Engineer: 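First the structure, then my questions, so here it is.
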Amino acid sequence: MRLGPRPATLGLLLLCAVAAGAGEAEELHYPQGEHRTDYDREALLGGQEEVDEYVKLAPEEQQKRLKSIIKKIDLDSDGFLTESELSSWIQMSFKHYAMQEAKQQFVEYDKNSDGSVSWDEYNIQMYDRVIDFDENTALDDAEEESFRQLHLKDKKRFDKANQDSDPGLNLEEFIAFEHPEEVDYMTEFVIQEALEEHDKNGDGFVSLEEFLGDYRRDPTSEDPEWILVEKDRFLNDYDKDADGSLDPQELLSWVVPNNQGIAQEEALHLIDEMDLNSDRKLSEAEILENQDLFLTSEATDYGRQLHDEYFYHDEL
(Lines give C-alpha, C1' and ligand atoms only; values in the text may rest on other atoms or scores of the structure.)
Protein backbone atom coordinates (compact mmCIF):
# COMPACT_ATOMS: atom_id res chain seq x y z
CA MET A 1 0.00 0.00 0.00
CA ARG A 2 1.40 3.41 -0.97
CA LEU A 3 1.19 5.96 1.76
CA GLY A 4 0.82 8.94 -0.52
CA PRO A 5 2.20 12.42 -0.06
CA ARG A 6 2.81 13.44 3.53
CA PRO A 7 2.30 16.87 5.09
CA ALA A 8 5.18 19.28 4.71
CA THR A 9 5.86 19.52 8.43
CA LEU A 10 7.13 16.39 10.13
CA GLY A 11 9.89 15.81 12.60
CA LEU A 12 12.93 17.98 12.87
CA LEU A 13 12.84 18.53 9.11
CA LEU A 14 10.51 21.37 10.06
CA LEU A 15 13.44 23.16 11.65
CA CYS A 16 15.70 22.52 8.70
CA ALA A 17 13.01 23.66 6.28
CA VAL A 18 12.60 26.90 8.20
CA ALA A 19 16.34 27.48 8.10
CA ALA A 20 16.52 26.72 4.39
CA GLY A 21 13.46 28.82 3.67
CA ALA A 22 15.10 31.77 5.33
CA GLY A 23 17.50 32.03 2.41
CA GLU A 24 14.64 32.16 -0.08
CA ALA A 25 12.81 34.75 2.02
CA GLU A 26 15.97 36.84 2.22
CA GLU A 27 16.20 36.92 -1.57
CA LEU A 28 12.59 38.09 -1.83
CA HIS A 29 13.09 40.60 0.97
CA TYR A 30 16.30 42.04 -0.50
CA PRO A 31 16.33 41.32 -4.27
CA GLN A 32 19.72 42.36 -5.69
CA GLY A 33 20.49 43.75 -2.25
CA GLU A 34 17.68 46.33 -2.38
CA HIS A 35 15.19 46.38 0.50
CA ARG A 36 11.66 45.75 -0.74
CA THR A 37 9.22 47.25 1.77
CA ASP A 38 6.09 45.82 0.15
CA TYR A 39 7.48 42.34 0.85
CA ASP A 40 7.48 43.21 4.55
CA ARG A 41 3.79 43.97 4.57
CA GLU A 42 2.96 40.89 2.50
CA ALA A 43 5.10 38.55 4.56
CA LEU A 44 3.99 39.33 8.09
CA LEU A 45 0.64 41.00 7.67
CA GLY A 46 -0.19 37.77 5.91
CA GLY A 47 -2.90 37.42 3.28
CA GLN A 48 -5.32 39.95 1.88
CA GLU A 49 -7.68 39.51 4.84
CA GLU A 50 -5.04 40.77 7.27
CA VAL A 51 -4.10 43.63 4.97
CA ASP A 52 -7.76 44.67 4.72
CA GLU A 53 -8.06 44.58 8.52
CA TYR A 54 -4.99 46.77 8.84
CA VAL A 55 -6.46 49.34 6.44
CA LYS A 56 -9.71 49.47 8.43
CA LEU A 57 -7.98 51.08 11.40
CA ALA A 58 -8.40 54.85 11.43
CA PRO A 59 -5.06 56.72 11.24
CA GLU A 60 -5.63 58.11 14.75
CA GLU A 61 -6.17 54.62 16.16
CA GLN A 62 -3.14 53.26 14.30
CA GLN A 63 -0.97 55.99 15.82
CA LYS A 64 -2.43 55.55 19.30
CA ARG A 65 -1.67 51.82 19.30
CA LEU A 66 1.74 52.34 17.74
CA LYS A 67 2.70 54.85 20.46
CA SER A 68 1.68 52.30 23.09
CA ILE A 69 3.89 49.67 21.44
CA ILE A 70 6.82 52.10 21.27
CA LYS A 71 6.55 52.72 25.01
CA LYS A 72 6.63 49.00 25.71
CA ILE A 73 9.70 48.47 23.54
CA ASP A 74 11.46 51.27 25.46
CA LEU A 75 12.47 49.12 28.44
CA ASP A 76 14.36 51.84 30.31
CA SER A 77 11.73 54.50 29.54
CA ASP A 78 14.32 57.00 28.35
CA GLY A 79 12.31 57.97 25.28
CA PHE A 80 14.53 56.14 22.79
CA LEU A 81 14.59 52.67 21.23
CA THR A 82 18.04 51.11 21.03
CA GLU A 83 19.20 48.18 18.92
CA SER A 84 19.08 45.97 22.02
CA GLU A 85 15.54 47.01 22.94
CA LEU A 86 14.27 46.52 19.39
CA SER A 87 15.98 43.14 19.12
CA SER A 88 14.56 41.95 22.46
CA TRP A 89 11.06 43.03 21.46
CA ILE A 90 11.24 41.28 18.09
CA GLN A 91 12.47 38.06 19.71
CA MET A 92 9.62 38.26 22.22
CA SER A 93 7.20 38.72 19.34
CA PHE A 94 8.58 35.64 17.55
CA LYS A 95 8.15 33.52 20.66
CA HIS A 96 4.69 34.87 21.44
CA TYR A 97 3.29 33.96 18.03
CA ALA A 98 4.98 30.55 18.05
CA MET A 99 3.35 29.81 21.41
CA GLN A 100 -0.04 31.11 20.25
CA GLU A 101 0.13 28.90 17.18
CA ALA A 102 1.03 25.86 19.28
CA LYS A 103 -1.86 26.55 21.66
CA GLN A 104 -4.28 26.73 18.75
CA GLN A 105 -2.89 23.51 17.30
CA PHE A 106 -3.21 21.80 20.67
CA VAL A 107 -6.98 22.34 20.65
CA GLU A 108 -7.20 20.98 17.10
CA TYR A 109 -5.14 17.88 17.91
CA ASP A 110 -6.90 17.12 21.21
CA LYS A 111 -9.81 15.32 19.56
CA ASN A 112 -11.52 14.20 22.77
CA SER A 113 -10.88 17.49 24.59
CA ASP A 114 -9.34 15.79 27.62
CA GLY A 115 -6.45 18.26 27.89
CA SER A 116 -3.93 15.83 26.43
CA VAL A 117 -2.78 15.00 22.89
CA SER A 118 -2.14 11.29 22.44
CA TRP A 119 0.09 9.82 19.74
CA ASP A 120 -3.01 8.43 18.02
CA GLU A 121 -4.64 11.87 18.05
CA TYR A 122 -1.51 13.38 16.55
CA ASN A 123 -1.60 10.80 13.74
CA ILE A 124 -5.28 11.38 13.08
CA GLN A 125 -4.79 15.13 12.80
CA MET A 126 -1.72 14.79 10.56
CA TYR A 127 -2.72 11.83 8.38
CA ASP A 128 -6.43 11.19 9.01
CA ARG A 129 -5.57 7.77 10.40
CA VAL A 130 -3.34 6.07 12.93
CA ILE A 131 -0.04 4.95 11.41
CA ASP A 132 2.03 2.26 13.06
CA PHE A 133 5.41 1.18 11.68
CA ASP A 134 7.60 -1.67 12.89
CA GLU A 135 10.65 0.08 14.30
CA ASN A 136 12.97 -2.71 13.20
CA THR A 137 11.61 -3.58 9.75
CA ALA A 138 12.63 -1.52 6.74
CA LEU A 139 10.25 -1.19 3.80
CA ASP A 140 11.21 -2.13 0.25
CA ASP A 141 9.75 0.97 -1.37
CA ALA A 142 12.24 3.83 -1.01
CA GLU A 143 9.58 6.52 -0.65
CA GLU A 144 7.67 4.59 1.99
CA GLU A 145 10.89 3.78 3.85
CA SER A 146 11.80 7.46 3.90
CA PHE A 147 8.38 8.25 5.33
CA ARG A 148 8.75 5.46 7.92
CA GLN A 149 12.06 6.91 9.09
CA LEU A 150 10.58 10.39 9.45
CA HIS A 151 7.53 9.05 11.26
CA LEU A 152 9.72 7.14 13.73
CA LYS A 153 11.75 10.31 14.36
CA ASP A 154 8.54 12.15 15.11
CA LYS A 155 7.59 9.42 17.60
CA LYS A 156 10.97 9.80 19.32
CA ARG A 157 10.47 13.55 19.59
CA PHE A 158 6.93 12.98 20.91
CA ASP A 159 8.26 10.62 23.59
CA LYS A 160 11.10 12.98 24.52
CA ALA A 161 8.67 15.90 24.93
CA ASN A 162 6.56 13.79 27.31
CA GLN A 163 7.90 14.52 30.80
CA ASP A 164 5.31 12.78 32.99
CA SER A 165 3.65 9.38 33.31
CA ASP A 166 0.67 10.38 31.14
CA PRO A 167 1.01 8.76 27.69
CA GLY A 168 -0.24 11.95 26.01
CA LEU A 169 1.20 15.47 25.89
CA ASN A 170 -0.21 18.29 27.98
CA LEU A 171 -0.03 21.83 26.59
CA GLU A 172 3.50 22.55 27.86
CA GLU A 173 4.77 19.22 26.50
CA PHE A 174 3.00 19.78 23.20
CA ILE A 175 4.78 23.14 22.86
CA ALA A 176 8.07 21.32 23.48
CA PHE A 177 7.14 18.83 20.76
CA GLU A 178 6.15 21.50 18.23
CA HIS A 179 8.90 23.98 19.14
CA PRO A 180 11.82 22.06 20.69
CA GLU A 181 14.04 25.07 19.98
CA GLU A 182 12.12 27.01 22.63
CA VAL A 183 12.48 24.45 25.43
CA ASP A 184 15.75 23.79 27.26
CA TYR A 185 15.13 20.11 27.98
CA MET A 186 14.77 19.41 24.24
CA THR A 187 18.11 20.93 23.23
CA GLU A 188 20.11 17.72 23.58
CA PHE A 189 17.52 15.83 21.57
CA VAL A 190 17.67 18.39 18.75
CA ILE A 191 21.46 18.09 18.63
CA GLN A 192 21.41 14.30 18.71
CA GLU A 193 18.84 14.10 15.92
CA ALA A 194 20.95 16.42 13.78
CA LEU A 195 24.06 14.32 14.41
CA GLU A 196 22.22 11.12 13.48
CA GLU A 197 21.11 12.81 10.26
CA HIS A 198 24.39 14.39 9.19
CA ASP A 199 27.33 12.88 11.11
CA LYS A 200 28.03 10.01 8.73
CA ASN A 201 31.37 8.91 10.24
CA GLY A 202 30.09 9.04 13.83
CA ASP A 203 32.82 11.29 15.22
CA GLY A 204 30.39 13.67 16.93
CA PHE A 205 31.01 16.50 14.47
CA VAL A 206 29.69 17.58 11.07
CA SER A 207 32.34 18.25 8.46
CA LEU A 208 31.89 20.47 5.42
CA GLU A 209 31.38 17.38 3.26
CA GLU A 210 28.71 16.06 5.64
CA PHE A 211 27.15 19.52 5.77
CA LEU A 212 26.79 19.53 1.98
CA GLY A 213 25.11 16.11 2.08
CA ASP A 214 24.95 14.10 -1.13
CA TYR A 215 26.68 16.70 -3.27
CA ARG A 216 29.70 15.31 -5.12
CA ARG A 217 31.97 17.79 -6.83
CA ASP A 218 32.59 17.36 -10.55
CA PRO A 219 36.33 18.06 -10.99
CA THR A 220 35.73 19.09 -14.59
CA SER A 221 33.40 21.99 -13.72
CA GLU A 222 33.00 24.76 -11.18
CA ASP A 223 30.76 24.38 -8.16
CA PRO A 224 27.21 25.65 -8.71
CA GLU A 225 26.17 28.89 -7.04
CA TRP A 226 24.14 27.21 -4.32
CA ILE A 227 27.15 25.18 -3.20
CA LEU A 228 29.24 28.34 -2.96
CA VAL A 229 26.51 29.91 -0.83
CA GLU A 230 26.33 26.87 1.44
CA LYS A 231 30.10 26.76 1.83
CA ASP A 232 30.09 30.43 2.79
CA ARG A 233 27.38 29.80 5.40
CA PHE A 234 29.35 26.89 6.84
CA LEU A 235 32.61 28.85 7.06
CA ASN A 236 31.32 32.26 8.12
CA ASP A 237 28.05 31.64 9.94
CA TYR A 238 28.35 28.29 11.70
CA ASP A 239 31.98 27.20 12.10
CA LYS A 240 32.78 29.80 14.76
CA ASP A 241 36.11 28.29 15.81
CA ALA A 242 37.20 27.76 12.18
CA ASP A 243 38.31 24.18 12.80
CA GLY A 244 36.61 22.82 9.68
CA SER A 245 33.72 21.05 11.44
CA LEU A 246 30.63 21.85 13.46
CA ASP A 247 30.61 20.81 17.10
CA PRO A 248 27.26 20.20 18.83
CA GLN A 249 26.70 23.86 19.76
CA GLU A 250 27.67 25.10 16.31
CA LEU A 251 25.40 22.45 14.84
CA LEU A 252 22.54 23.78 16.95
CA SER A 253 22.92 27.23 15.40
CA TRP A 254 22.45 25.59 11.99
CA VAL A 255 19.46 23.33 12.58
CA VAL A 256 17.53 25.73 14.84
CA PRO A 257 16.36 29.04 13.37
CA ASN A 258 18.46 31.82 14.88
CA ASN A 259 15.76 34.23 15.96
CA GLN A 260 18.29 36.32 17.83
CA GLY A 261 20.31 36.93 14.68
CA ILE A 262 17.22 37.72 12.62
CA ALA A 263 15.98 40.13 15.28
CA GLN A 264 19.32 41.93 15.49
CA GLU A 265 19.46 42.32 11.72
CA GLU A 266 15.96 43.81 11.64
CA ALA A 267 16.77 46.14 14.55
CA LEU A 268 19.86 47.41 12.74
CA HIS A 269 17.89 47.80 9.53
CA LEU A 270 15.28 49.96 11.26
CA ILE A 271 17.89 52.17 12.88
CA ASP A 272 19.78 52.54 9.59
CA GLU A 273 16.60 53.59 7.80
CA MET A 274 14.87 55.72 10.44
CA ASP A 275 17.60 57.33 12.55
CA LEU A 276 17.39 60.93 11.36
CA ASN A 277 20.01 62.47 13.67
CA SER A 278 22.56 59.62 13.52
CA ASP A 279 22.54 58.89 17.26
CA ARG A 280 21.97 55.15 16.58
CA LYS A 281 18.64 55.06 18.40
CA LEU A 282 15.06 55.91 17.54
CA SER A 283 12.84 58.49 19.16
CA GLU A 284 9.07 58.37 18.99
CA ALA A 285 9.18 61.35 16.64
CA GLU A 286 11.57 59.56 14.26
CA ILE A 287 9.33 56.50 14.19
CA LEU A 288 6.17 58.50 13.58
CA GLU A 289 7.99 60.45 10.86
CA ASN A 290 8.40 57.17 8.98
CA GLN A 291 5.48 55.24 10.44
CA ASP A 292 4.85 53.09 7.38
CA LEU A 293 8.35 51.62 7.49
CA PHE A 294 7.96 50.69 11.14
CA LEU A 295 4.62 49.07 10.40
CA THR A 296 6.16 47.00 7.59
CA SER A 297 8.86 45.60 9.87
CA GLU A 298 9.24 42.71 12.26
CA ALA A 299 9.21 45.20 15.16
CA THR A 300 5.40 45.28 14.83
CA ASP A 301 5.14 41.90 13.08
CA TYR A 302 4.32 43.86 9.98
CA GLY A 303 1.41 45.66 11.60
CA ARG A 304 -0.10 42.54 13.15
CA GLN A 305 0.62 43.78 16.68
CA LEU A 306 -1.80 46.67 16.16
CA HIS A 307 -4.57 44.05 16.21
CA ASP A 308 -3.31 42.07 19.20
CA GLU A 309 -4.02 43.56 22.63
CA TYR A 310 -1.15 41.53 24.04
CA PHE A 311 1.19 44.08 22.48
CA TYR A 312 -0.53 47.44 22.64
CA HIS A 313 -2.70 47.10 25.77
CA ASP A 314 -1.55 49.34 28.62
CA GLU A 315 -1.31 46.48 31.10
CA LEU A 316 1.25 44.42 29.13
Side-chain angles (χ1 to χ4, degrees), residues 6 8-24 26 133-163 173 176-262 264-265:
R6 55 185 298 276
T9 56
L10 180 65
L12 291 175
L13 282 189
L14 170 63
L15 300 178
C16 297
V18 170
E24 298 175 7
E26 185 73 6
F133 286 113
D134 185 337
E135 184 176 346
N136 301 310
T137 303
L139 301 176
D140 294 332
D141 183 277
E143 182 180 344
E144 292 180 0
E145 173 59 15
S146 177
F147 176 75
R148 185 184 76 93
Q149 291 292 335
L150 291 171
H151 192 261
L152 291 175
K153 286 183 180 180
D154 246 20
K155 183 61 165 67
K156 286 175 62 178
R157 180 160 56 101
F158 188 96
D159 291 341
K160 178 63 178 179
N162 191 353
Q163 291 284 283
E173 293 167 339
F177 172 70
E178 287 291 320
H179 296 281
E181 74 279 7
E182 299 288 356
V183 182
D184 288 342
Y185 76 80
M186 295 293 288
T187 299
E188 189 61 35
F189 175 83
V190 172
I191 293 173
Q192 189 57 43
E193 281 290 291
L195 285 173
E196 290 177 6
E197 178 76 19
H198 302 286
D199 177 22
K200 301 305 182 183
N201 63 6
D203 65 353
F205 299 87
V206 173
S207 66
L208 175 59
E209 290 72 22
E210 291 169 332
F211 177 83
L212 295 176
D214 295 331
Y215 174 73
R216 296 292 178 266
R217 187 178 187 279
D218 182 351
T220 64
S221 62
E222 296 183 355
D223 287 331
E225 179 65 25
W226 72 270
I227 284 292
L228 298 178
V229 170
E230 289 302 299
K231 284 183 176 179
D232 181 74
R233 290 174 63 212
F234 181 93
L235 296 171
N236 297 311
D237 294 341
Y238 305 130
D239 186 14
K240 299 300 184 183
D241 57 12
D243 66 350
S245 62
L246 306 185
D247 63 32
Q249 286 305 312
E250 292 169 332
L251 184 62
L252 190 64
S253 70
W254 171 36
V255 297
V256 173
N258 185 1
N259 286 341
Q260 180 179 356
I262 295 170
Q264 287 176 337
E265 287 181 9

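Since the model is a prediction, treat every value here as computed from it, not as a measurement.
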Engineer: How far does CZ of Phe234 sit from CD of Glu209, to the nearest 0.5 angstrom?
Structural biologist: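 Rounded to the nearest 0.5 Å, the CZ-CD separation comes to 8.0 Å.
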Engineer: Is a donor on one side and an acceptor on the other found under 3.5 Å between the side chain of Arg148 and the backbone of Thr137?
Structural biologist: yes
Engineer: Can you sort out the partners of Lys160 under salt bridge (charged side-chain N to carboxylate O under 4.0 Å, His left out), two or more places apart, ordered by chain and number?
Structural biologist: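 Result, salt bridge (charged side-chain N to carboxylate O under 4.0 Å, His left out) vs Lys160: none returned.
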Engineer: On a heavy-atom basis, which atom in Leu212 and which in Glu230 lie closest, and how many Å separate them?
Structural biologist: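 Heavy atoms only, the tightest pair is CD2-CB, 3.8 Å.
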Engineer: For residues 241-249, tabulate all N or O donor-acceptor pairs below 3.5 Å that involve a side-chain atom, not counting sequence neighbours.
Structural biologist:
residue, atom, partner, partner atom, Å
Asp241, OD1, Asp243, N, 3.3
Asp243, OD1, Ser245, N, 3.1
Asp247, OD1, Gln249, N, 3.1
Asp247, OD1, Glu250, N, 2.8

Engineer: Between Asp154 and Arg157, is there a side-chain N and carboxylate O pair less than 4.0 Å apart?
Structural biologist: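 Arg157 and Asp154: salt-bridged.
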Engineer: Got a second to check how far Glu144's CD is from Phe147's CZ, nearest 0.5 Å?
Structural biologist: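 With rounding to 0.5 Å, CD (Glu144) is 9.5 Å from CZ (Phe147).
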Engineer: Provide the closest heavy-atom pair for Val190 versus Pro180 in the form atom of the first, atom of the second, distance.
Structural biologist: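 Heavy atoms only, the tightest pair is CG2-CB, 3.7 Å.
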Engineer: So which atom in Ala194 and which in Val255 form the shortest heavy-atom distance, rounded to 0.1 Å?
Structural biologist: CB-CG1, 3.8 Å
Engineer: Kindly say whether Leu252 contributes a backbone atom to a donor-acceptor pair with the side chain of Tyr238 at under 3.5 angstrom?
Structural biologist: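 Such a contact is absent between Tyr238 side chain and Leu252 backbone.
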Engineer: Within this structure, what is the CD-OG1 distance for the pair Glu182 and Thr187, rounded to the nearest 0.5 Å?
Structural biologist: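 Atom-to-atom, Glu182:CD and Thr187:OG1 are 10.0 Å apart.
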Engineer: How many angstroms lie between atom CG of Leu228 and atom CD of Glu225, to the nearest 0.5 angstrom?
Structural biologist: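 Answer for the CG-CD pair, Leu228 versus Glu225, is 5.5 Å.
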Engineer: Does Lys153 come within less than 4.0 Å of Glu197, counting only side-chain N to carboxylate O?
Structural biologist: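 So Lys153 pairs with Glu197 through a salt bridge.
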Engineer: Specify whether His198 and Trp254 have parallel, tilted or perpendicular ring planes, treating 30° as the upper limit for parallel and 60° as the lower limit for perpendicular.
Structural biologist: tilted
Engineer: Would a distance-only check, ignoring hydrogens and angles, find a side-chain to backbone donor-acceptor pair under 3.5 Å from Glu173 to Gln163?
Structural biologist: yes
Engineer: Using 0.5 Å steps for rounding, measure from the CG atom of Asp199 to the CD1 atom of Ile191.
Structural biologist: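 It is 12.5 Å, given to the nearest 0.5 Å.
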Engineer: With a 3.5 Å distance limit and no angle check, can you tell me whether Glu210 reaches the backbone of Lys200 through a side-chain donor-acceptor pair?
Structural biologist: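 Looks like yes, one N/O pair under 3.5 Å.
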Engineer: Around atom CG of Asp184, are there more than 12 heavy atoms from other residues, nucleotides or ligands closer than 6.0 Å?
Structural biologist: no
Engineer: For side chain to side chain contact (heavy atoms under 4.5 Å, CB included), just list the numbers for Lys156 and Glu193, CA-CA rounded to whole Å, side-chain angles, deciding distance to a tenth of an Å, and then say yes or no.
Structural biologist: CA-CA 10 Å; Lys156 286 175 62 178; Glu193 281 290 291; 3.4 Å; yes
